[in-house]
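As the structure is a computational prediction, the values presented were derived from the model and not from experiment.
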Amino acid sequence: MFAVIKTGGKQYRVAANDVITVATLEGEAGAAVTFGDVLLFTDGDATQVGTPLLSGIGVTGEIVQHGRTRKVIAFKKRRRQNSRRRRGHRQDFTVVRITEISAGGKTSKAEPRKTRKAEPAAAE
């Protein structure tokens, strides 16, 4: 089961337990976020395509972290005129883990993450 959602002017194909990087969203790490703009939904048998959006289908995710991309340098130079411009830009982003896709009575949930205990190193 997967869906195609739209956020930040871009489209993403998501399934339960996927981790995606999107444009900055409001909220702290660990907060739940709901994506309402669902463009396509499929559950294996049937596919629903919105014109342009589907209603009654929701995609829920959890904010993992916020961050900034590496710096992109825009360097402009005009030859033989001693004219140079250097400008940098870092884009903000949010990492989201998709927890649930719900459509009517059908729900696809992400399984809870298993935590492992660290085992002590064996003595030689």
Side-chain angles (χ1 to χ4, degrees):
M1 178 183 295
F2 71 88
V4 175
I5 61 171
K6 179 180 174 184
T7 180
K10 297 179 183 173
Q11 298 175 5
Y12 301 91
R13 179 190 184 272
V14 296
N17 219 13
D18 281 355
V19 177
I20 59 173
T21 302
V22 298
T24 302
L25 298 174
E26 294 292 323
E28 297 294 322
V33 61
T34 303
F35 300 100
D37 295 345
V38 179
L39 305 171
L40 181 134
F41 172 76
T42 185
D43 61 350
D45 304 350
T47 300
Q48 299 176 21
V49 180
T51 54
L53 301 175
L54 291 171
S55 61
I57 297 175
V59 176
T60 307
E62 174 189 2
I63 296 176
V64 177
Q65 70 174 0
H66 295 286
R68 300 184 78 187
T69 58
R70 54 181 277 245
K71 185 175 277 194
V72 177
I73 303 296
F75 186 79
K76 298 179 181 180
K77 182 180 185 313
R78 295 181 192 95
R79 59 185 180 158
R80 291 188 293 273
Q81 296 173 10
N82 197 22
S83 173
R84 293 182 295 240
R85 297 289 176 264
R86 182 175 183 260
R87 181 175 181 207
H89 174 76
R90 293 182 70 182
Q91 187 72 33
D92 295 328
F93 66 86
T94 301
V95 177
V96 177
R97 187 172 64 86
I98 303 300
T99 57
E100 178 181 25
I101 299 175
S102 60
K106 297 181 179 179
T107 302
S108 174
K109 288 189 175 184
E111 296 179 16
R113 298 174 63 177
K114 297 177 183 175
T115 56
R116 297 184 344 196
K117 285 189 172 182
E119 297 178 12
E124 292 183 25

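Crowding of Lys71 atom NZ: a count of heavy atoms from other residues, nucleotides or ligands under 6.0 Å not exceeding 12. The neighbour count for Gln81 CD, taken as heavy atoms of other residues, nucleotides or ligands under 6.0 Å away, is above 12.
The CZ atom of Phe41 sits 5.5 Å away from atom CD1 of Ile57, with the distance rounded to the nearest 0.5 Å. The line from CZ of Arg70 to CZ of Arg90 is 10.5 Å long, rounded to the nearest 0.5 Å. Summarising the geometry, atom CD1 belonging to Ile5 is positioned 4.5 Å from atom CD1 belonging to Ile20; distances are rounded to the nearest 0.5 Å. Here CG of Asn82 is found 5.5 Å from CZ of Arg84. Values are rounded to the nearest 0.5 Å. In this structure, Leu40 CG and Gln11 CD are separated by 9.5 Å, a value rounded to the nearest 0.5 Å. Rounded to the nearest 0.5 angstrom, Leu54 CG and Leu39 CG are separated by 7.5 Å.
Among residues two or more places apart in sequence or in another chain, the side-chain hydrogen bond (donor to acceptor under 3.5 Å, both in side chains) test is passed with Thr51 by none.
What you find for Gly8 and Ala23 is that their closest heavy atoms are CA-CB, 4.4 Å. Closest of all the heavy-atom pairs between Ala3 and Val38 is CB-CG1, 4.2 Å. When all heavy atoms are compared, the tightest approach of Thr21 to Val95 is OG1-CG2, 4.1 Å.
Residue Phe2 is not grouped with residue Tyr12 when hydrophobic side chains (ILVMFWY) are merged at heavy-atom distances under 4.5 angstrom, including chains of intermediate members. Leu53 and Phe35 are assigned to two separate hydrophobic clusters, defined by single-linkage of ILVMFWY side chains at heavy-atom distances under 4.5 Å.
The backbone N or O of Ala46 lies less than 3.5 Å from a partner atom in the side chain of Thr42, making a donor-acceptor pair. Looking only at distances, no side-chain donor or acceptor of Ser83 sits under 3.5 Å from a matching main-chain atom of Arg78.
Taking the side chain as every heavy atom from C-beta outward, Arg86 and Ile73 approach each other to under 4.5 Å.
Screening Thr60, Val33, Val59, Val64 against Val96 for a side chain to side chain contact (heavy atoms under 4.5 Å, CB included) leaves a single residue, Val33. Between Arg97 and the options Val14, Ile63, Asp18, Val19, a side chain to side chain contact (heavy atoms under 4.5 Å, CB included) holds for only Val19.
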